[in-house]
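Take a look at the structure below.
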Amino acid sequence: MSVLKITSENYEEEVLNSKEKVLIDFYADWCGPCKMMAPVVEEVANELEGKLKVGKVNVDDNQDLAMKYGIMSIPTLVVVENGETVRNLVGFRSKEELIEILSK
């Protein structure tokens with residue numbers, strides 16, 4: 001499974017109307033810690049395929065979504081279930097930590 005590119009255009013369909021839990025990675029191309037987080041997010045997407053939808057939001061291209069979630073620093077990972085934010089994780093996280101949090 002690949003990580004979805006979430007934009008303002010597909011956000012409602014991919015996140016709000018999703019039947020699955022959604023992990024959103026808010027990032028920017030210029031952000032060093034975001035680059036470290038990217039392969040971890042890919043691995044989590046592969047390991048939890050079928051249980052979780054994983055997407056990325058470029059905060060520079062989708063400032064409205066960043067504002068909606070109150071993103072102040074990146075990387076920030078947001079877990080959305082049934083259209084509601086259930087968890088906000090700011091900063092780098094290990095794959096093990098993410099999988100533990102997402103499995104709850």
Side-chain angles (χ1 to χ4, degrees):
M1 175 179 129
S2 63
V3 175
L4 288 165
K5 181 178 179 184
I6 296 176
T7 63
S8 302
E9 288 74 42
N10 70 359
Y11 166 76
E12 188 171 332
E13 177 191 340
E14 296 293 354
V15 178
L16 294 183
N17 298 336
S18 176
K19 303 277 183 259
E20 303 165 284
K21 192 184 292 186
V22 184
L23 173 67
I24 309 170
D25 175 15
F26 286 89
Y27 76 101
D29 293 330
W30 48 263
C31 164
C34 299
K35 290 178 181 162
M36 289 170 35
M37 195 72 234
V40 174
V41 170
E42 289 277 347
E43 287 177 35
V44 168
N46 289 331
E47 281 197 29
L48 297 178
E49 186 172 354
K51 300 178 185 141
L52 177 75
K53 185 185 285 190
V54 179
K56 294 176 79 73
V57 173
N58 183 319
V59 295
D60 292 329
D61 299 339
N62 300 280
Q63 292 178 356
D64 57 326
L65 292 178
M67 282 175 41
K68 176 179 174 56
Y69 284 94
I71 305 301
M72 296 307 228
S73 52
I74 49 176
T76 293
L77 301 172
V78 176
V79 182
V80 178
E81 207 167 353
N82 301 318
E84 299 292 318
T85 301
V86 291
R87 199 77 196 260
N88 257 0
L89 306 162
V90 179
F92 181 83
R93 303 295 168 125
S94 70
K95 180 179 91 172
E96 294 72 23
E97 185 182 359
L98 267 180
I99 287 178
E100 185 181 322
I101 288 167
L102 294 166
S103 297
K104 290 179 181 164

Query raised in the report: Do other residues, nucleotides or ligands put more than 12 heavy atoms under 6.0 Å from the CD atom of E12?
Result: no
Query raised in the report: Under a 4.5 Å side-chain heavy-atom rule over Ile, Leu, Val, Met, Phe, Trp and Tyr, are V79 and I24 clustered together?
Result: no
Query raised in the report: Which heavy atom in I74 sits nearest to a heavy atom in A28, and how many Å separate them?
Result: CD1-CB, 3.5 Å
Query raised in the report: Less than 4.5 Å apart, any side-chain heavy atom of L98 and any of L89?
Result: yes
Report task. Answer yes if V22 and V86 sit in the same cluster of Ile, Leu, Val, Met, Phe, Trp and Tyr residues linked by side chain heavy atoms under 4.5 Å apart, and no otherwise. Result -> no
Query raised in the report: Can you tell if the side chain of F26 reaches within under 4.5 Å of the side chain of V57, non-hydrogen atoms only?
Result: yes
Query raised in the report: When rounded to the nearest 0.5 angstrom, what is the spacing between CD in E81 and CG in L23?
Result: 12.0 Å
Query - Nearest-0.5 Å distance that lies between atom CG in L16 and atom CG in N82 - result: 11.0 Å
Query raised in the report: Any sub-3.5 Å donor-acceptor pair from K5's side-chain atoms to G55's backbone N or O?
Result: no
Query - Exercise: identify the closest heavy-atom pair between N62 and T7 - result: OD1-CA, 3.4 Å
Query raised in the report: Can you tell me if K53 uses its side chain to pair, donor with acceptor, with the backbone of E14 under 3.5 Å?
Result: yes
Query raised in the report: Are M37 and R93 close enough that some pair of their side-chain heavy atoms sits under 4.5 Å apart?
Result: yes
Query raised in the report: Would you say the side chain of D60 lies within less than 4.5 Å of the side chain of W30, judging by non-hydrogen atoms?
Result: yes
Requested in this report: Measure the CG-CG distance between L4 and N10 for me, rounded to the nearest 0.5 Å.
Outcome: 7.0 Å
Query raised in the report: Just wondering, more than 12 heavy atoms not from E20 lying within 6.0 Å of its CD?
Result: yes
Query - Atom of C34, atom of P75 and distance for their closest heavy-atom approach - result: SG-N, 3.6 Å
Query raised in the report: Do the side chains of V59 and Y27 join up, straight or via other hydrophobic residues, at under 4.5 Å, putting them in one cluster?
Result: no
Report summary line: Between the CD atom in E43 and the OG atom in S94, the distance rounded to the nearest 0.5 Å is 10.5 Å
Requested in this report: Decide yes or no for Y69 and T76: does some side-chain heavy atom of the first lie under 4.5 Å from some side-chain heavy atom of the second?
Outcome: no
Requested in this report: Treat each ILVMFWY residue as a node, draw an edge where side-chain heavy atoms are under 4.5 Å apart, and state whether L77 and F92 are in one component.
Outcome: yes
Query raised in the report: Going only through I, L, V, M, F, W and Y residues with side-chain contacts under 4.5 Å, is there a path from I71 to Y11?
Result: yes
**Report entry** Pairwise side-chain contact, D25 with V54, heavy-atom cut-off 4.5 Å (strictly under)
**Finding:** no
Query raised in the report: Under a 4.5 Å cut-off applied to non-hydrogen side-chain atoms, are V40 and K95 in contact?
Result: yes
Requested in this report: Please report the shortest heavy-atom distance between S73 and V90, naming the atom on each side.
Outcome: OG-CG1, 3.2 Å
